[in-house]
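Report on the structure given below.
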Amino acid sequence: MAVRIAAGFAARGSSARSAACGLWPRPFSRGSKRVHAKGTANIISGHGYGMINLRIYPARLSRCPMSYPKLPSRAENFSEWYNQLVLRAELADYAPVRGCMVVRPYGWALWENIQKALDARFKATGHQNAAFPLLIPLSFFEKEKEHVEGFSPELAIVTHGGGKKLEEPLAVRPTSETIIGYMWSKWIRSYRDLPQLLNQWGNVVRWELRTKLFLRTLEFYWQEGHTAHATREEAEEETMRMLRVYEDFAVNEAAIPVIPGRKSESEKFAGAVTTYTIEAMMGDTKALQAGTSHFLGQNFAKAFDITFLDRDNQLKYVWTTSWGLSTRFIGAIIMVHGDDQGLVLPPRLAPIQSVIVPIWRNEEQRSRVLEVAQQVQSALQPHIRVHLDDRDHVTPGFKFNDWELRGVPVRIEIGPRDVEQGVVTLARRDMPGKPGKKTVPMDGLPQVIGPLLDEIHTNMLRKATEFRDAHIFEPETYDEFREVVGHGWAYVWWCGSPECEARIKEDTKATNRVIPLEQPGGEGRCIYCGAPARLKAIFAKAY
RNA sequence: CGGGGCGUAGCGCAGCGGUAGCGCACCGCGUUUGGGGCGCGGGGGUCGGCGGUUCGAAUCCGCCCGCCCCGACCA
C-alpha cells in the first residue's frame, strides 16, 4: 500500500508578484519562517465559525480601500474583472497564506443568506445538522481505494501537536465521508437506525495548486450532507432529491439557471458510484459545477464496515450518499450576474436588498431629507433588508457608484424634490440607467418593494437563461465543435468512452461537464469518433 | 513543479550609484452634494529579506522569501 500522502508541493520559488495583480492589496510577504517538511502543514488552527443569525448587513460599510478608477470591463479581461470586483466589493481578501482567503462581512452576510435558504430546504427534507471533527486519522483515507487516490495529493497533514511529533499523522478533512462512515459503523445496528439523514456546515481544506478567490481556495466553507439508507433505491432517490434541492435553490434564490445531470466516469467524485451536478454557465461562457450530489453505493459502507440487521434478519451493508455546495457558489453569483459596474446580487440573497441614498444641498435640506429617509427606512425594515447611507463625506454620485459596485438590487433616492412631492425615486440594479428608474409615492413603498424585488429576480433569471441558451451550440462536425468551445458550450452526441473525452480535453481544453438528465432520446454519432451514441453531453471549458 | 511577469507609502506607479518621489486613497478646514466635486493644509516608507561590491546601494552582484498569469491536478 504505497500510498503517498503528500500535501501540496507548494510551488516553491515559482515566481511571481503580480503584474496583473499589481492592482490590489498584496498579502504579507515578509517574515515568513520556514515551514517544516516540505508538503506538510504542521499546525493547523481550526476555523470554526459560529452560526451567526443576526441579520448583519454592515451598519456602515467602510469606503472602498482602493483608488477607485473603474473596474476593468468584463469583455477586456474577465479574470481581472472578477478578481478586482471581489476585493473592491469587499466580499473577500487574500489571506497571508497562499491560496487562502478572508471572507469579509459583506461576503459572509451573503453566505449566511445562502446558508439560510439551503438549511431550510434540508430541514424540510428531514435532515438534521451535526458537527464532525476537523482532524481525521490519516489511515482513514486508505480504506477506500478511489477515495485515497483522489484525495491524497491534496491533503494537508498535521504531524505535530503539543510540541511533539504525533504517532499517527492527522489529515485536515478534505471532506467527511470517512469520519462519518466510521461513526456510523458504531451507531448503526438495525434497519430501525436507518435512514441517517445528516448535514454539516463547516470548512474543509484541499491543497489546490491553482487558486482563485471563492472558486478554488485551499480552505473553503461549505455544507456537506451525508445519508445512509437500507436500500439502493432509497439512496438513489435521496441523491436525486438533493440534486433537485440544489437546482431549486439555484433557480429560485440565486436566479441562476442550471443544468442538472450526471458526471462522466472521469469527472466523478473519488469514491462515488455516480456523481450528479448542477452545471451553470458563467458570464465568459465557461462552465462551473455549482453543486454536487453523489450516490456512493456501498463503497464507504464496505470500507468502514457499516452494516445493519435487516427485517429479514440478514446482515447488510448500508447505501450512502453525500452532497455539497460551497462558497464557490458565491463565485457563480458574481460571474453569472455581474456587469461592468460591479456585482448584481440576486434580491433573495443580497445582504442589503435596498439602500436609501439621501440627497441634500444645505443644512436645512439635510435634516428634512434625513428625517424622511429614516421614516422610509423604518417603514421598510419589517419587510426587507434595508440600509440608509447617511455618510456625509461622500457625494450622492459616489454612493450611486459604490452601491452599484456592491450589487444592491434597489436604490431608493430621496432628495428635496422627492420630499416635496411625497415620492421616492427607485433605481433597479438589473436595469442600469433611466429605464431602471421610476418615481413612486412614498406611502405605498412597503407594498411596492416586495413585488419589485421579485420582478428583479425574474428578470435576472431570464437574462441569465437567455445568455446561456444563446451560447449553447450543437455542432455537427468536430471542426465545428473545436470552434464553438472557444466561445460557448457544445451540446453533442457522445459515445460514452473515456478515451474520446480525454482526447477532446487534450485537443481543446474542453471537458465533459454534464450528461443532462433530460435526454433527447434516439441515437446519433459520437462527435469525436463517429461511433453510434445514445447520450448527449455538454462539453465546455470550465473553472 | 515547468514557462512568463513582478516585489519602492493603503493602492497604482516613477526613480536604476549621490538626502525617498508622483497620482489616487487617508486626516483637518472650507466650499460642494439628483451619477465617482473643488481648493488649501497635513500624516504616512526597515525601497520583500539576508549577504556582497562601493567613500556611498532602492539602484550593481549572489542567495533566499513571496505574489500574479499560463500549464499539469481539482468543489
Contact class for A/L215 vs. all strands (heavy atom < 4.0 Å): base, sugar-phosphate, or nothing? base
Starting the side chain at C-beta, find the nucleotide from B/G36, B/G35, B/C74 nearest to A/E154. B/C74
Can you tell me, in whole Å, how much space there is between the P of B/C61 and that of B/C22? 28 Å
Value in whole Å for how far the P atom of B/G10 lies from OH of A/Y94: 19 Å
Under the 3.5 Å rule, do the base of B/G36 and the side chain of A/D402 count as making a donor-acceptor pair? no
With the side chain defined as heavy atoms from C-beta on, A/K505 is closest, among B/G35, B/G34, B/C73, to B/C73
May I have the list of side-chain donor-acceptor pairs in residues 419-427 of chain A shorter than 3.5 Å, sequence neighbours left out?
from   : atom 1 : to     : atom 2 : distance (Å)
A/T425 : OG1    : A/D418 : OD1    : 3.1

Inter-nucleotide P distance (B/U59, B/G49), Å rounded: 10 Å
Nearest-Å distance once atom C1' is located in both B/C1 and B/C60: 31 Å
Given B/G34, B/G35, B/A75, identify the nucleotide with an atom nearest to the side chain of A/D418. B/G34
Who is the Watson-Crick or G-U wobble partner of B/G7, with both distances under 3.5 Å? B/C65
Show me the pairs that pass salt bridge (charged side-chain N to carboxylate O under 4.0 Å, His left out) and involve residues 272-284 of chain A, at least two apart or across chains. A/K263-A/E279, A/E279-A/R513
Does a salt bridge link A/R74 with A/D339, judged by any charged N lying under 4.0 Å from a carboxylate O? no
Is there a Watson-Crick or G-U wobble partner for B/G34 with both distances under 3.5 Å, and if so, which one is it? none
Rounding to a whole Å, what distance do you find between A/E506:CD and B/C73:P? 10 Å
So, A/Y82 side chain and A/L213 main chain: donor-acceptor pair closer than 3.5 Å or not? yes
Considering residues at least two apart in sequence or located in another chain, which fulfil the ring pair (Phe, Tyr, Trp, His ring centres under 6.0 Å) criterion with A/H127? A/W323
Need one value for A/R366: base, sugar-phosphate or nothing, where a base atom within 4.0 Å counts as base even if backbone is also close, heavy atoms only. nothing
Between A/R468 and A/M282 (side chain of the first, backbone of the second, donor and acceptor by atom type, cut-off under 3.5 Å), is there such a pair? no
For B/U46, the Watson-Crick or wobble counterpart (both distances under 3.5 Å): none
Would you check if the distance from the ring center of A/F214 to the ring center of A/F220 is below 6.0 Å? no
Rounding to an integer number of Å, can you tell me how far A/L288 CG sits from B/C74 C1'? 12 Å
The side chain of A/E208 lies closest to which of these nucleotides: B/G36, B/C74, B/C69? B/C74
Residue set satisfying salt bridge (Lys or Arg N to Asp or Glu O under 4.0 Å) with A/E208, at least two apart, ordered chain then number -> none
Scan every strand shown for a Watson-Crick or G-U wobble partner of B/C29, both distances under 3.5 Å, and answer none if you come up empty. B/G39
Who pairs with A/F78 by ring pair (Phe, Tyr, Trp, His ring centres under 6.0 Å), at least two apart in sequence or on another chain? A/W81
Take atom CG of A/D340 and atom C1' of B/G35, then tell me their distance rounded to the nearest Å. 17 Å
Between B/G56 and B/G51, how far is it from one P atom to the other, in whole Å? 16 Å
Nearest 0.5 Å, what's the CD1-CG distance between A/I114 and A/D119? 13.0 Å
Nearest whole angstrom, please: distance from the P of B/G66 to the CG of A/L218. 13 Å
d(CZ, A/R216; C1', B/C74) in whole Å: 6 Å
Please check if the side chain of A/T277 supplies one atom and the backbone of A/T292 the other of a donor-acceptor pair under 3.5 Å. no
Touch check for A/G324, heavy atoms < 4.0 angstrom, all strands: base, sugar-phosphate only, or nothing? nothing
Please measure how far the C1' atom in B/C26 lies from the corresponding atom in B/G45, and state the result in whole Å. 15 Å
Nucleotide opposite B/C13 in a Watson-Crick or G-U pair, distances under 3.5 Å: B/G21
Considering residues at least two apart in sequence or located in another chain, which fulfil the ring pair (Phe, Tyr, Trp, His ring centres under 6.0 Å) criterion with A/F140? A/Y182, A/F304
Classify A/Q289 by what it touches in the nucleic acid, base, sugar-phosphate, or nothing, heavy-atom distance under 4.0 Å. sugar-phosphate
Given B/A75, B/G35, B/G71, identify the nucleotide with an atom nearest to the side chain of A/F220. B/A75
Protein N or O to nucleotides 29-33 of chain B N or O, pairs below 3.5 Å:
from  : atom 1 : to     : atom 2 : distance (Å)
B/U33 : OP1    : A/R361 : NH1    : 3.1
B/U33 : O2'    : A/W360 : O      : 2.9

Base, sugar-phosphate, or nothing for A/E404, non-hydrogen atoms under 4.0 angstrom? base
So A/K509, base contact, sugar-phosphate only, or nothing? Heavy-atom distance under 4.0 Å. sugar-phosphate
Under 4.0 Å, counting only non-hydrogen atoms across every strand here, what does A/S266 touch: a base, just sugar-phosphate, or nothing? nothing
Between B/A9 and B/G23, how many Å separate the two P atoms, rounded to a whole number? 16 Å
From the set B/A75, B/C73, B/G35, return the single nucleotide nearest to any side-chain atom of A/R411. B/G35
May I ask which nucleotide in the shown strands pairs with B/C73, Watson-Crick or G-U wobble, both distances under 3.5 Å? none
For RNA chain B, the residues among residues 420-430 of chain A that have a non-hydrogen atom under 4.0 Å from it: A/T425
List for me each residue that meets salt bridge (Lys or Arg N to Asp or Glu O under 4.0 Å) alongside A/R411, sequence neighbours excluded, and say none if there are none. A/E404, A/E413
Rounded distance in Å between the P positions of B/G30 and B/G35: 25 Å
Distance, C1' atom - from B/U8 to B/G15, rounded to whole angstrom: 9 Å
Can you tell me if A/K268 touches the phosphate of B/C74, counting only side-chain N or O atoms and a distance under 4.0 Å to OP1 or OP2? no
Would you mind reading off the distance between A/L209 atom CG and B/C74 atom P, rounded to a whole angstrom? 10 Å
